[in-house]
Amino acid sequence: MARPQIKEISFEIDGREVRAPEGTMLVDAAKSGDVEIPYFCYEPKLGQPVGACRMCLVEIEGMPKLQTSCSTPVKDGMVINTTSDRVKSAQNAIVEFLLINHPLDCPVCDKGGECPLQDISYGWGGGKSRFIEPKRHFRKPLELSPLVAIDRERCILCYRCVRFSQEVAEDYQLVFLERGDHTYVGTHDGRPYVGPFSGNILDLCPVGALTSTAYRFRARPWDVEEAGSLCTLCPSQCNVQLTIRDDSKVLRAFARDNPEVDDGWLCDKGRFGYQAIHSEERLRAPMVRDGSMLREAPWDHALEQAAAALTRAGAGTAALAGGATTNEEAFLLGHLMREALGSPHLDARAGGALDPQQARVLARPDLSARVSDIDHADVILVVDTELVEEAPILDLRVRKAARRNNAKVVTLTGRPSSLDPNATAAVRFAPGAAEAALSALAAELGSGRATGSRLHSRAGCEPGAIGAAAEVLRAAGDVVVLWGERISDGARGASAVDALLAVAGALGIVDRPESGLIEVPAATNARGMREAGVAPGLAPGLTDAPEAGMPAAEIAGALGAGELSALILLHEDPLATHPERRRWQTALDTAATVIAFTDFVTTALRDYATVIFPAESYAEKEGTLTHPDGRLQRVRQAIGHQGQVRPEWSVLAELAGRCGARPDVRSAPQVTQKLFATVGFLDGLTLDEIGGKGVRWQDRDAASNLPRAELPEGTLEVPPELPEGMRLGTVPSLWAGTTVEHAPSLRFLAPVQRAELAPADAHRLGVGSGDEVEVAAGGQRLRATVALRQAMQPGSVFLVSGTADNNATALTNGVPRTVEITKTAGAVNGAGPPAAAPAAPGPGAQPPPV
Amino acid sequence: MPEPHTPIDDVITVQRGPEPGGLGGAYRAFGATLRGLRTTLGRVAEKPPTYQYPEEKTPVYPRFRGRHKLQRFEDTGLEKCVGCSLCVAACPAECIRVVAAENTPDNQVSAGERYAAVYEINMTRCIFCGYCEVACPFDAITMGNDYEMADYHRSDLIFTKEMLLADAIEKTPLRREGE
């Protein structure tokens, strides 16, 4: 589906001839003639206008009655009047009407000073009211959810929040209850409104009816300053605006509309995660191990200890980077490792490194899609990723494409996807069998590369399911493929990516400019780190490294075996996020030196770290990040560094200097400049060019400097047969991790371990929904609560990875990944573990409609 | 070719008063002096107008804008201030800092939903313009009559909410009607 061509037409507004794109609504078209029409309910991001508030009435020549300009598309030759007496009296009347039941205590209201109703009453209201009767009263404020407080007296019933819930987030929780002036917003069942995107209704509310419990009454707009930056809590890299008070405290975050990235939405983790920055438990000074204790130490001492240990280890050092490592930090880590210590062992992917040649193929501009291509795709293929947990804003994008532009969605996942209800074809394969499923799909699409028989049974798919998906894909024009990093995990990762490329080849993605692949990685800046050279076989710029290093899993083995002796952890805790936990446990135990950069000291770091440097939060950081679609964006410093925290680029540069290779950098922009000069395809890029909205490097001329890489040819490897037994799959949770644990508003969402089972399996095991079970593999065991999923493939069980307790990574050791599930007595006899706290119906805990 | 400029042409001679000397000169020299002396000598009998400050204080007019006060409701004792920050917005010297918080049933501080958890006026910066009083929608902040605020440390001149809610220790005398 090509993007529609838009024609310009001309019309007359308030006596002036104005040009505007055809079909835009009058309120928007009027802006091109510098005419402002007041409105409350209109919001194009919410879909079709509803004309609920009647504030935008205008007079159109030839129409007997006043028209709502938010729902009237502009036509050629229209004559519009927004200043006539009729329009003025209508506007005055609407304001007077809205204020009949709206409390007039703006000084108390949290919205005061940034309230559209206040502004419009001043600008277009009559200034007096004839209403002397008592106003309607509700009990207030109520908790609509633990994050949102609702004051129903202030609501003007504009429908925005309800439309968001129904048409954007598609959680269908918010509705209008009662009728007439008794109408109020609530959830249909009276339970709290909890969903991954619930905070967006705070931005949408044009009055003080919906307020954030975290920001409520904290400040007025004139008390604060706004700072544009980037959320670095997940790979979506949404543009945010931080509200800063006294140059030192982040009070709130809201979306900064960038249609190419986030479409103006923000998930609750991005909206409330800022609280972790000011957590009491955050590390604000370096720590150095003193015997069995970690003690706070002056910077100089910590740097000296770290540099001495690293110099001792030399080429026996390995490094893992993760989380929100910026391109600059990744570049300097590469410098520290390769130049100062002479070690090639650095990695940023938990599951397994990408083959260098594949990394270059995947970076090809003609194979990669931009996020906005999702809007206009004919078919969106989601391969083994749960978008709502891994990159939530992309989930909204896919829903929007399906709802507004009739895009077809095909899900090809191990775990039932939350996009299944929107999908034309939904294919389930056995956990870890993505390679076989992709090979089968490639074969169905007529790729000559696929070999092997009974591919669908090797994938554990229903017969015919892949054929049905291929049917949808064959008929498609533009296809956007969103694939999860996890398909490249493990020893067969390279073959799985090869199968993905075979699918891409069969779909003819290379020849279609608006088709492409987008990787959904585990780490926020996975793409940027790879392109800046944090990968075992890749130097900055995706060129071959002079010496190939070990990927993460091998680093663990080598540390355990004593071949390596030191480990640098840049925003990474391998025990929380990496598979092969047993190996990592041994590795950390054996390693002579562990140097970590972190904002919160996790159990693993407390037990094993030699030196810990405090990491900057994203509000303190200056640097660039690369979006999974190749867009470079800037993280800007919004507040001063808390405590003794130092810029991490300077700490890395200082460490490299003390280890004998001081990089020639004195400021953050200088590091950026050096990075851009080193990476061929970023040549000539400047921070000014990146600006506030980012630049995709594929769109610049320098993209031709990407080392050439051809789509692989030749037959695919035959995927292995499925192992017998209950196959284990893991799914990350958006709400797992230190940010959520340390953000008071979000803590209630922190996930507890649950085992998702197909009803047939549960019946066979004799367990029911909510039962406590013990899941065991290779001598490791953990406890989980059973959650039944109708759409789950029998023979599979899914656990959450990254939880604080009972982390699923304990079971992901080696292959095959099969588990034993036994029912436990639970807390009945008191011998079991304490029953998990009854979690609020969080998005993680709540199975989507199946 | 323009004419060459000769500066002397620009000089304008100004007509001054009559030449000194003579009877007129003598009058001008002494007449004004004597008129001044008459005013001076006329006051010789009066007492000196010096106020013996600080034992004796200058009374101020009722609308004199001195040290601020935060008001409470007389009946309930609740603070009138709801922490709306309008005084902060109005203040041209940016000397007021308000951090609001939410009232709870256990901790009802003001009449509305919110109250000022922090209310500080930096008196070293305040220019006593009274805009805060004008801006206040609840008459919670008023300008008092007290003007004795000198102190030894700048930090002591940041008046907190407790200080502003309390009455001034010594009352400044007000001028009587018509004085």
Side-chain angles (χ1 to χ4, degrees), chain A residues 102-115 118-119 121-122 135 137-144 146-155 202 207-225 243-252 278 744-745, chain B residues 68 70-73 76 78-122 125-126 129 131-142 155 158 160-161:
Chain A
H102 188 90
L104 297 177
D105 56 353
C106 301
V108 174
C109 176
D110 189 47
K111 197 80 170 181
E114 48 187 354
C115 174
Q118 231 180 4
D119 295 346
S121 298
Y122 269 100
K135 301 193 177 216
H137 284 292
F138 284 117
R139 203 157 66 78
K140 70 175 186 178
L142 287 187
E143 268 199 359
L144 189 62
L147 301 170
V148 181
I150 183 168
D151 180 337
R152 295 170 293 174
E153 287 177 3
R154 298 191 199 277
C155 178
L202 300 170
V207 294
L210 298 170
T211 47
S212 149
T213 43
Y215 179 70
R216 212 169 136 78
F217 302 150
R218 297 292 189 283
R220 288 287 188 204
W222 51 83
D223 292 332
V224 296
E225 282 173 300
T243 296
I244 310 294
R245 186 155 195 186
D246 303 336
D247 293 336
S248 61
K249 200 160 172 26
V250 184
L251 288 186
R252 135 180 102 164
H278 301 294
S745 291
Chain B
H68 314 66
L70 281 174
Q71 306 290 337
R72 288 178 188 274
F73 286 105
T76 55
L78 293 174
E79 289 168 18
K80 283 188 176 176
C81 176
V82 297
C84 72
S85 276
L86 280 174
C87 46
V88 178
C91 181
E94 296 184 11
C95 68
I96 311 181
R97 178 165 177 268
V98 177
V99 179
E102 192 167 357
N103 278 318
T104 54
D106 313 329
N107 180 30
Q108 189 77 29
V109 180
S110 74
E113 273 178 88
R114 63 195 279 162
Y115 71 97
V118 175
Y119 194 107
E120 287 173 357
I121 300 183
N122 185 345
R125 287 189 157 216
C126 180
C129 64
Y131 282 12
C132 47
E133 188 181 20
V134 177
C136 186
F138 293 98
D139 293 337
I141 186 158
T142 56
S155 54
I158 297 173
T160 61
K161 193 172 96 171

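Heavy-atom basis, side chains included; hydrogens, waters and symmetry copies ignored. We name chains A, B, ... by the order of the sequence lines, and we start the count at 1 in each one.
For chain B, no part of A:Cys106 is nearby; none of its heavy atoms comes within less than 4.5 Å.
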Query raised in the report: Checking side-chain contact (heavy atoms from CB on, under 4.5 Å) for the pair B:Phe138/A:Val108: CA distance, chi angles, key distance, verdict?
Result: CA-CA 10 Å; B:Phe138 293 98; A:Val108 174; 4.2 Å; yes
Side-chain polar contacts of residues 115-122 of chain B - donor-acceptor pairs under 3.5 angstrom, sequence neighbours left out - could you list them?
from     : atom 1 : to       : atom 2 : distance (Å)
B:Asn122 : OD1    : B:Thr124 : N      : 3.1
B:Asn122 : OD1    : B:Thr124 : OG1    : 2.5

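Between B:Glu102 and A:Thr213, the closest side-chain pair of non-hydrogen atoms is not below 4.5 Å.
Atom CD of B:Glu94 has 12 or fewer heavy atoms from other residues, nucleotides or ligands within 6.0 Å. Within a 6.0 Å sphere centred on OH of B:Tyr131, heavy atoms belonging to other residues, nucleotides or ligands number 12 at most. By the 6.0 Å contact criterion, CD on A:Glu114 is enclosed, its count of non-hydrogen atoms from other residues, nucleotides or ligands being greater than 12.
The nearest pair of heavy atoms linking B:Val82 to A:Pro107 is CG2-O, 4.1 Å. The two atoms that bring A:Asp223 and B:Val98 nearest to each other are OD2-O, 4.1 Å, heavy atoms only.
With sequence neighbours excluded, no residue forms a side chain to side chain donor-acceptor pair (under 3.5 Å) with A:Gln118.
Here B:Ala89 is the residue among B:Gly112, B:Ala89, B:Gly83 with the most heavy-atom pairs under 4.5 Å with chain A.
To the nearest 0.5 angstrom, B:Glu113 atom CD is 9.0 Å from A:Asp110 atom CG.
A:Arg220 contributes a side-chain N or O that, together with a main-chain N or O of B:Cys84, makes up a donor-acceptor pair within less than 3.5 Å.
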